[in-house]
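The structure appears below as structure tokens.
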Amino acid sequence: MAPELSSNWKRLQATLKAESKASTERKRKAVPTERQQNSIAKRRRLEGNPVKPVKSVTGLSKTIKKRKMGSGGSVEATVPTPDLSEEPEDAAAPSASLALWAEDNDISPKDLAEAYGGGLKDTTIKGTKADIINGGLIEGVDIGKYVGIDCEMVGVGEGGAQSVLARVSIVNFHGTQVYDSFVKPKEFVTDWRTYVSGVSPKNMTTARDFEVVQKEVAEILEGRVLIGHAIKNDLAAMMLGHPRKDIRDTSRYSGFRKYNGGRTPSLRKLAKELLGVDIQGGEHSSIEDARATMLLFRRHKSGFDVEHAQRYPTATPGSKKLKGQKKKKGKR
């Protein structure tokens, strides 16, 4: 009888072990980890409903700092961004993975989706709609308070050393095209710089006169905050002025100088370092450059605002009132 009891006992133990293992597996599947819970919460918060799990991570990566357990130090870790192969049904709405990536990098998911056309598949900056080259002022676009600008130049004079305006592009805060026009130079062009500017003689057949572009651009800029990279060159080429307090220049922002050893960084370098995208890989697109500049500003807007407030402090209501009182007293 003993051997039979032993055999039954062994079978019972095996059954209990199998059931225990199955129960553990069910619990493991039923109870998400803390990381999964955070991910689910993010998705629900950003999209308002449950979404499909994010696929395997590929592509771009970011470097973050994590605190070491039991010490005051930190260690850097490179974390890849989510797989962005799933395009949303609505191109203006961010995919789940894109929304999570945007939140992790302190960028508005909606703005990022609009700037990249709903995804980050390619390494250029595109809008949700096809750019209308030389389209002038685009109808039906809400320009808004902030506009980003970029100009392309061609060379005139001996050896093409002097730069003159040949194209102007403007986008709004979301990177949507507002204006684009080729410009007829008044001087004889000795260097079209097509390999860089993307401008060639064939573009001049439909180009607008300088005075027309100057007037249209001035009307767009009036009363708005202007975003650009080395913007004084663009304004000089258009022979336009703009209040300094209404300019945000990405080439002058102190937070960007660390990416070029304390010197003024190029727009191309900033786009690569901060946005993970390649621009100006040959013939330039002034629309693309304006969009990249605006995205850099959007991502670091709080820093720009702080630096701008330090450069242009405003008088407090109390001091203004006091000033008025002094004037009144003086009149007496």
Any luck finding a side-chain donor-acceptor pair between [X] and [Y] under 3.5 Å?
X: Thr264; Y: Arg257; value: yes
X: Arg208; Y: Asn134; value: yes
X: Ser254; Y: Glu307; value: yes

With rounding to the nearest 0.5 angstrom, report the [atom1] to [atom2] distance, [X] to [Y].
X: Ile149; Y: Leu235; atom1: CD1; atom2: CG; value: 7.0 Å
X: Asp289; Y: Glu152; atom1: CG; atom2: CD; value: 6.0 Å
X: Phe173; Y: Asp142; atom1: CZ; atom2: CG; value: 12.5 Å

> Around atom CZ of Arg252, are there more than 12 heavy atoms of other residues, nucleotides or ligands at under 6.0 Å?
Replying inline: no
> Are more than 12 heavy atoms from other residues, nucleotides or ligands located less than 6.0 Å from atom CZ of Arg311?
Replying inline: yes
Counting only N and O atoms by type, is there a donor-acceptor contact under 3.5 Å from the side chain of [X] to the main-chain atoms of [Y]?
X: Asn203; Y: Ser200; answer: yes
X: Glu187; Y: Gly157; answer: no
X: Gln177; Y: Ile132; answer: yes
X: Thr194; Y: Val199; answer: yes
X: Asp131; Y: Ile133; answer: no
X: Arg224; Y: Gly144; answer: yes
X: Asp249; Y: Ala230; answer: yes
X: Ser251; Y: His229; answer: no

> Yes or no on side-chain contact (heavy atoms from CB on, under 4.5 Å) for Val225 and His308, after CA distance, side-chain angles and deciding distance?
Replying inline: CA-CA 12 Å; Val225 177; His308 182 266; over 6 Å; no
> Would you call the rings of Phe304 and Phe256 parallel, tilted or perpendicular, where under 30° means parallel and over 60° means perpendicular?
Replying inline: perpendicular
> Do Tyr312 and Arg244 come within less than 4.5 Å of each other through their side chains, counting heavy atoms only?
Replying inline: yes
> If Ile, Leu, Val, Met, Phe, Trp and Tyr residues are connected whenever their side-chain heavy atoms lie under 4.5 Å apart, and connections chain through other members, are Ile227 and Leu274 in the same group?
Replying inline: yes
> Going by an N to O cut-off under 4.0 Å, is there a salt bridge joining Lys215 and Glu211?
Replying inline: no
> Does Arg248 make a cation-pi contact with Tyr253, if we ask for NZ or CZ under 6.0 Å from the ring centre and within 45° of the axis?
Replying inline: no
